[in-house]
**Student:** 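Questions regarding the structure given below will be posed in turn.
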Amino acid sequence: HLQSSESITMSDRKRKSDGRAGKSAKRVAPVAGVAALEAGIMESAENLNSVVDILNLYEQAATPEGKEAAMQALLRIFQHYKTIGRSKSSGAAEAASQISKWLHDQYLDFVRLLIADLSAAPEVQVLALHALMHLVKTEAASVPYKFPNTLFERVVAALVSDSLDREEVLGIFNEQFMQYDDVRHYTLKGLAKFIGTFHARDKDAMQTFANNAFMILHDLTFPATADNITNFYTQPPAEHPLHDLSTHRKTFSDCWLAFLRQPLPHEILKAILLSLDEDVLPHLAAPKLLIDFLTDAYNMDGAVPILALKGLFTLIYKHNLDYPDFYPKLYALLQPAVLLARHRARFFQLAHTFLTSPLLPAYLVASFAKRISRLLLVASPAAAILLTQMLYNLLKRHPSCKALIHRVGVDAVAADPYDAAAADPAKSHAADSSVWETQSVAQHYHPDVAAAVAVLATPALSKREFDVEKAARLTYASILQKELKIPLGDTPPAMVFTPPTTLFPPSDVARQVWSL
């Protein structure tokens, strides 16, 4: 027998008057009483008012254990009365219909509390996430099939909101749920919708949101072919668009494009650019749509242009993008500061790749050769080895520029027609210059640098090209380790050491200044 709708409605009003919105009365019912309340509800619908008590116990629980006990009881109750995902009972009597509607309102209240707990302590966040995903799966089990987007979009919005970093719960979400093709699709769809309406109130809020959203986007695995789309959290029918790879590409593209339109923090921007070429571009429905993002990044200051190189180059060579400023900008990046950049190895490996084409004009190759040669004057030993090997490979690939090695009369800055300040390689006059800078380091204190420079003097550059990728990984530490591994043999190294008798020798001008 069902209780009358009047008694349930009155109870509902009493719960609201008790202050469910923040002025709730302090109930003293222990958590252990949840089981008794649940048993009574399961036994008879006359006890449905106890759902209110369990909701209150859930909301006021001070420990994760108390939260979990009330949560599991509510899940079983709503499952038992087939309330999950249902707002009304068609064809039911008026009283039964009102009861069904009331119970559905309690279910929505429960969902609201779970969503709010995604901002609670980490342990409670995880409990709430699992409960919400259980509700998603249960609602999707309806006939005909319909994924509960309304509920799931609220979950996604809560996970990426700017209120706090959710590293722990997002890690669990990615590990346990993003492996499912339908969850990934609707997550990206919900995230794109949320980003479209998101406006950060300040930089800290943008940082928090960007961290949360990027954690989802960065960690997902995208299917390579339609044959890989087989793992579903819910059970869509065979003819559902979720089985089509183009559906997943579209949501993936929409989400990434929406995210990249945001004013992202530099650290997030650099992390995106590091993986963009391998993890994002191959899966976009239209990769050319990233041209504005990549060109804007390429024109920034600092390390961002270095990281944008690979993605921009991919659009040019694989997707026929016309970007005439690519090489002039690359030329402009060859400054002493790049030798100290964190991503120096990546930059020079990419630059070496970009200069491999035999179709590059001689003036452009000469400008790059001259700029590399000029950097030798301020390079560390590790960088000098890399630059010398790049220069050798560049001149070997482009025989028309070998004159830069042997040209006489241009052996100092004063006599050099090269204009280092010219932003346009075509106006640098590098083709009329020479790489005289290599002779300045021919007697370098480090033998590996001197040996690398000596190769430039071999007839017709007859040696094989160098492995620049290996040289790009050289550092002071790796060079030192290499030296320390060289056996000294039985003969001790020759040393001359005269103990000093005074701080300054008699001939030193400092002796005239200081009274010792």
Side-chain angles (χ1 to χ4, degrees), residues 85 108 111-120 122 125-126 128-133 135-137 139-140 146-222 233-234 241-242 247-265 267-269 271-272 276 279-280 283-285 289-290 293:
L108 295 180
V111 170
R112 178 185 64 79
L113 293 174
L114 291 174
I115 294 290
D117 276 346
L118 289 177
S119 299
Q125 290 180 27
V126 173
L129 174 66
H130 281 99
L132 286 164
M133 293 305 295
L135 297 179
V136 167
K137 189 169 189 175
E139 285 197 23
K146 183 180 179 182
F147 192 88
N149 242 338
T150 302
L151 169 60
F152 193 64
E153 284 176 358
R154 293 175 65 191
V155 175
V156 173
L159 287 174
V160 300
S161 70
D162 59 3
S163 57
L164 76 160
D165 283 318
R166 293 178 173 82
E167 182 176 355
E168 183 172 337
V169 71
L170 281 173
I172 292 174
F173 179 73
N174 288 338
E175 180 182 351
Q176 298 185 11
F177 299 106
M178 285 294 281
Q179 61 178 304
Y180 298 106
D181 296 307
D182 50 349
V183 173
R184 182 189 59 249
H185 168 78
Y186 286 108
T187 298
L188 295 176
K189 187 175 181 179
L191 182 55
K193 182 177 179 180
F194 177 81
I195 294 172
T197 59
F198 175 77
H199 298 285
R201 61 185 182 275
D202 52 40
K203 288 185 178 180
D204 290 340
M206 173 54 72
Q207 182 72 56
T208 301
F209 157 73
N211 287 341
N212 292 334
F214 183 63
M215 190 168 179
I216 290 178
L217 290 170
H218 182 259
D219 291 345
L220 66 82
T221 301
F222 195 83
Y233 186 65
T234 59
L242 279 173
T247 301
H248 294 266
R249 283 190 183 277
K250 184 179 185 307
T251 52
F252 183 87
S253 301
D254 291 345
C255 189
W256 265 108
L257 291 172
F259 185 58
L260 295 179
R261 292 189 192 103
Q262 293 288 326
L264 300 172
E267 291 305 315
I268 295 292
L269 185 59
I272 291 171
L276 188 74
D279 297 341
V280 180
H283 308 305
L284 292 178
L289 293 176
L290 286 186
F293 167 75

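Every heavy atom of this structure was used, including side-chain atoms; hydrogens, water molecules and symmetry mates were not.
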**Student:** Could you check whether any side-chain N or O of Thr247 sits under 3.5 Å from a backbone N or O of Pro241, counting only pairs where one atom can act as donor and the other as acceptor?
**Tutor:** yes

**Student:** Is it the case that the side chain of Asn174 and the backbone of Met215 share a donor-acceptor pair, with hydrogens and angles ignored and the cut-off at 3.5 Å?
**Tutor:** yes

**Student:** Report yes if some heavy atom in the side chain of Leu269 is under 4.5 Å from a heavy atom in the side chain of Phe293; otherwise report no.
**Tutor:**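 They are in side-chain contact.
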
**Student:** For Ala285 versus Ser253, what's the shortest heavy-atom pair and its separation?
**Tutor:** N-OG, 2.7 Å

**Student:** Does any non-hydrogen side-chain atom of Leu188 lie less than 4.5 Å from one of Leu220?
**Tutor:** yes

**Student:** Hey, mind stepping through Val156 and Tyr186 against side chain to side chain contact (heavy atoms under 4.5 Å, CB included) and telling me if it holds?
**Tutor:** CA-CA 9 Å; Val156 173; Tyr186 286 108; over 6 Å; no

**Student:** Assess whether atom CD of Gln179 is packed by more than 12 heavy atoms of other residues, nucleotides or ligands within 6.0 Å.
**Tutor:** yes

**Student:** Rounded to the nearest 0.5 Å, how far does CD of Glu153 lie from OG1 of Thr187?
**Tutor:** 10.5 Å

**Student:** Would you compute the distance between atom CG of Asp182 and atom CZ of Phe177 and round it to the nearest 0.5 angstrom?
**Tutor:**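 Going from the CG atom of Asp182 to the CZ atom of Phe177 covers 11.5 Å.
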
**Student:** What's the spacing between Glu167 CD and Ile172 CD1 if we round to 0.5 Å?
**Tutor:** 11.0 Å

**Student:** Could you walk me through whether Phe222 and Arg249 pass the side chain to side chain contact (heavy atoms under 4.5 Å, CB included) check?
**Tutor:** CA-CA 9 Å; Phe222 195 83; Arg249 283 190 183 277; 3.9 Å; yes

**Student:** Calculate, to the nearest 0.5 Å, the distance between atoms CG and CZ belonging to Asp254 and Phe252 respectively.
**Tutor:** 11.0 Å

**Student:** Over all heavy atoms of both residues, which pair between Ala192 and Ala258 is shortest? Give the atoms and the distance, please.
**Tutor:** O-CB, 4.4 Å

**Student:** Show the numbers, then the answer: is there a side chain to side chain contact (heavy atoms under 4.5 Å, CB included) between Leu164 and Gln125?
**Tutor:** CA-CA 12 Å; Leu164 76 160; Gln125 290 180 27; 4.1 Å; yes

**Student:** Considering the options Tyr233, Tyr180, Phe152, which one meets the ring-ring contact (aromatic ring centres under 6.0 Å, His included) requirement together with Phe147?
**Tutor:**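 Exactly one pass, corresponding to Phe152.
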
**Student:** State, to 0.1 Å, how close Met178 and Ile216 come at their nearest heavy-atom pair, and which atoms those are.
**Tutor:** CE-CG2, 3.9 Å

**Student:** Would a 4.5 Å heavy-atom cut-off, applied to side chains only, mark Arg112 and Leu108 as touching?
**Tutor:** no

**Student:** Phe173 and side chain to side chain contact (heavy atoms under 4.5 Å, CB included): which partner among Asp219, Val126, Leu129?
**Tutor:**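 Checked Asp219, Val126, Leu129 against Phe173; only one passes side chain to side chain contact (heavy atoms under 4.5 Å, CB included): Leu129.
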
**Student:** Of all the heavy-atom pairs spanning Met206 and Pro263, show the shortest one and how long it is.
**Tutor:** CG-O, 3.6 Å

**Student:** For the residue pair Phe259 and Phe214, does the interplanar ring angle fall in the parallel (under 30°), tilted (30 to 60°) or perpendicular (over 60°) class?
**Tutor:**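 Phe259 and Phe214: parallel rings.
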
**Student:** May I ask you to decide if Leu242's main-chain N or O and His248's side chain share a donor-acceptor pair within less than 3.5 Å?
**Tutor:** yes

**Student:** With side chain to side chain contact (heavy atoms under 4.5 Å, CB included) as the criterion, how do Phe198 and Leu191 come out once you've worked through the C-alpha distance, each side chain's angles and the decisive distance to 0.1 Å?
**Tutor:** CA-CA 10 Å; Phe198 175 77; Leu191 182 55; over 6 Å; no

**Student:** To the nearest 0.5 Å, how far apart are CG in Leu159 and CG in Leu132?
**Tutor:** 8.5 Å

**Student:** For a quick test of reading the model, state the closest non-hydrogen atom pair linking Ile268 to Ala210 and the distance between them.
**Tutor:** CG1-CB, 4.0 Å

**Student:** I need the minimum non-hydrogen distance between Lys189 and Asn149, along with the two atoms involved.
**Tutor:** NZ-ND2, 3.8 Å

**Student:** Check whether any side-chain N or O of Asp202 sits under 3.5 Å from a backbone N or O of Asp204 as a donor-acceptor pair, and report yes or no.
**Tutor:** yes

**Student:** Taking the side chain as everything from C-beta on, heavy atoms only, tell me whether Leu284 gets closer than 4.5 Å to Leu290.
**Tutor:**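 Sidechains of Leu290 and Leu284: in contact.
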
**Student:** Quick check for you: to the nearest 0.5 Å, what is the distance between Lys203 atom NZ and Thr208 atom OG1?
**Tutor:**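 Taking NZ in Lys203 and OG1 in Thr208, the distance rounds to 14.0 Å.
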
**Student:** Between the side chains of Ser161 and Arg166, does any donor sit under 3.5 Å from an acceptor?
**Tutor:**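 Yes, a side-chain donor-acceptor pair sits under 3.5 Å.
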
